[in-house]
Amino acid sequence: MARLLLLATSIAGALAQGTQSTTSAGITFQTYDSGPNFKFGIALPETPGEDFIGHITAYDPDGLSWASVSLGYNAAENSHMKGPLLVVAWNHEGKAKAAFRQAKAYVNPDVYKGPMTFKEIPQGTSVNKTHIEYTFLCSKCITGDDITFKKTDTTAKMGFAYSTNGISGTETAAAKLVYHGFGPQRRGPFTLNLTGAKSAKYSSWAEMAK
Ligand code: HEM
Ligand SMILES: *[C@@H]1O[C@H](CO)[C@@H](O)[C@H](O)[C@H]1NC(C)=O
Ligand SMILES: *[C@@H]1O[C@H](CO)[C@@H](O)[C@H](O)[C@H]1NC(C)=O
């Protein structure tokens, strides 16, 4: 009996770490939920190409300076921060702004210069002092090399981070980001179920992007 209970508990634990189907702005995402503070969801077409729709939601009562997701995993360095393509969103004068960045070390990541672009989905985007919600069509973001997940993957190892510490230069993609802080609330890994992210409705959702 005790063993059965233990088994049930560990299965529940494993499920809690997985991703679930959620709907926001009429779009169905496969979403990782860290608890109260951070969520990241993805929507994909049935046959993924280079694009996806992403949805970052972050909240902190202490005030939020930036929120970010890492689109990959660097196995050689065992890092979600160093190497993979990072999508970082922040509040610039009441409007969401986002940039592609890449970290070579555990410091403020560089601007990533590549072919990828963002298009905002306004119905799923809002920012204020404590919240960042950013919904975006990410074009040419599934790169086919090691900095992001692959279009044929069924699951993807990703990472997240957000910070309550200062940010400056919010008008440019090169905004200076300050350390997220240590601890599982502020940064960590997750595995996203890409199979569960696929939908035949993807193209109609992608048309919502401006
Ligand atoms: C911008 C997006 C960022 C993401 C997605 C991110 C993500 C992560 C993750 C997941 C870790 C855990 C270890 C690992 O996977 O390598 C980590 C560690 C670390 N990050 Fe970041 N990070 C970001 C930005 C920053 C910035 C701006 C700084 C400092 C200016 C920073 C400094 C560090 C340091 C010092 C560690 C090692 C200590 C720790 O684990 O907290 N990171 N980061
Ligand atoms: C900030 O935005 C969130 C999400 O839209 C909202 O729930 C919250 O009330 C807003 N906070 C303020 C102070 O306006
Ligand atoms: C991923 O999602 C698919 C489709 O919803 C589901 O059949 C599968 O069991 C999920 N996989 C995991 C590991 O949760």
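As the structure lists them, so they are numbered: ligands from 1, and atoms in each ligand from 1. In this text, all values refer to a predicted model and were calculated from it rather than measured experimentally.
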Evaluate the side-chain proximity of [Y] to [X]: yes if any heavy-atom separation is below 4.5 Å, no if none is.
| X | Y | value |
| --- | --- | --- |
| Thr148 | Cys141 | no |
| Phe118 | Phe100 | yes |
| Asn108 | Arg101 | yes |

What is the minimum heavy-atom distance between Thr135 and Thr125, and which atoms define it?
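For Thr135 versus Thr125, the nearest heavy atoms are N-OG1, 3.2 Å.
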
Atoms of ligand 1 less than 4.0 Å from [X] heavy atoms?
| X | answer |
| --- | --- |
| Leu177 | 1 (C), 27 (C), 30 (C) |
| Pro109 | 1 (C), 27 (C) |
| Val88 | 1 (C) |

Do Phe38 and Phe160 have ring centroids that are under 6.0 Å from one another?
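Under 6.0 Å, so yes.
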
Please report whether ligand 3 has a polar contact with Thr195, defined as an N or O pair separated by less than 3.5 Å (distance criterion only).
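Thr195 vs ligand 3: no N/O contact under 3.5 Å.
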
My understanding is that a hydrophobic cluster links ILVMFWY residues whose side chain heavy atoms are under 4.5 Å apart, including indirect links. Using that, what else belongs to the cluster containing Phe29?
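Members alongside Phe29: Ile27, Ile53, Ile121, Leu137, Tyr202, Trp205, Met208.
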
Nearest protein heavy atom with distance in Å, relative to [atom]:
| atom | result |
| --- | --- |
| atom 30 (C) of ligand 1 | Asn108 N, 3.3 Å |
| atom 2 (C) of ligand 1 | Ser68 OG, 3.1 Å |
| atom 15 (O) of ligand 1 | His80 N, 2.9 Å |
| atom 24 (C) of ligand 1 | Trp66 CH2, 3.5 Å |

Point-to-point distance, once rounded to the nearest 0.5 Å, from OG of Ser34 to CZ of Arg187:
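Here the interatomic distance stands at 12.0 Å.
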
Pairwise distance CD(Glu50) to CD1(Ile142) - rounded to 0.5 angstrom:
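Here the rounded value is 8.0 Å.
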
Report, as a single number, the protein N, O or S atoms less than 2.8 Å from atom 21 (Fe) of ligand 1.
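Total protein N/O/S atoms under 2.8 Å from atom 21 (Fe) of ligand 1: 2.
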
Backbone, side chain, both or neither: what part of Leu86 comes under 4.0 angstrom of ligand 1, heavy atoms only?
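Near ligand 1, Leu86 shows its side chain, while the N, CA, C and O stay back.
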
Write none if no such pair exists; otherwise list each N/O atom of ligand 2 with its protein N/O partner under 3.5 Å and the distance.
unit_1	atom_1	unit_2	atom_2	d
ligand 2	2 (O)	Asn128	ND2	2.3
ligand 2	11 (N)	Asn128	ND2	2.9
ligand 2	14 (O)	Asn128	ND2	3.4

Passing option when Thr22 is tested against Asp33, Thr28, Thr31 for side-chain hydrogen bond (donor to acceptor under 3.5 Å, both in side chains):
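Testing each of Asp33, Thr28, Thr31 against Thr22, the sole residue satisfying side-chain hydrogen bond (donor to acceptor under 3.5 Å, both in side chains) is Thr31.
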
Keeping to residues at least two apart or across chains, list the salt bridge (Lys or Arg N to Asp or Glu O under 4.0 Å) pairs with something in residues 56-83.
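Sorted pair list: Asp60-Arg186, Glu77-Lys82.
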
Near Lys150 NZ, under 6.0 Å, is it more than 12 heavy atoms from other residues, nucleotides or ligands?
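Above 12, so yes.
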
[Y] backbone acceptor or donor facing [X] side chain under 3.5 Å:
| X | Y | answer |
| --- | --- | --- |
| Asn165 | Tyr179 | yes |
| His55 | Tyr134 | no |
| Trp90 | Thr170 | yes |

Any luck finding a side-chain donor-acceptor pair between Tyr73 and Asp146 under 3.5 Å?
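Short answer, no.
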
Purely on distance, is any nitrogen or oxygen of Ser70 under 3.5 Å from one on ligand 1?
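N/O-N/O distance below 3.5 Å does not exist for this pair.
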
Below the 3.5 angstrom mark, is there an N/O of Ser79, backbone or side chain, next to an N/O of ligand 1?
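Yes, since at least one N or O of Ser79 sits under 3.5 Å from an N or O of ligand 1.
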
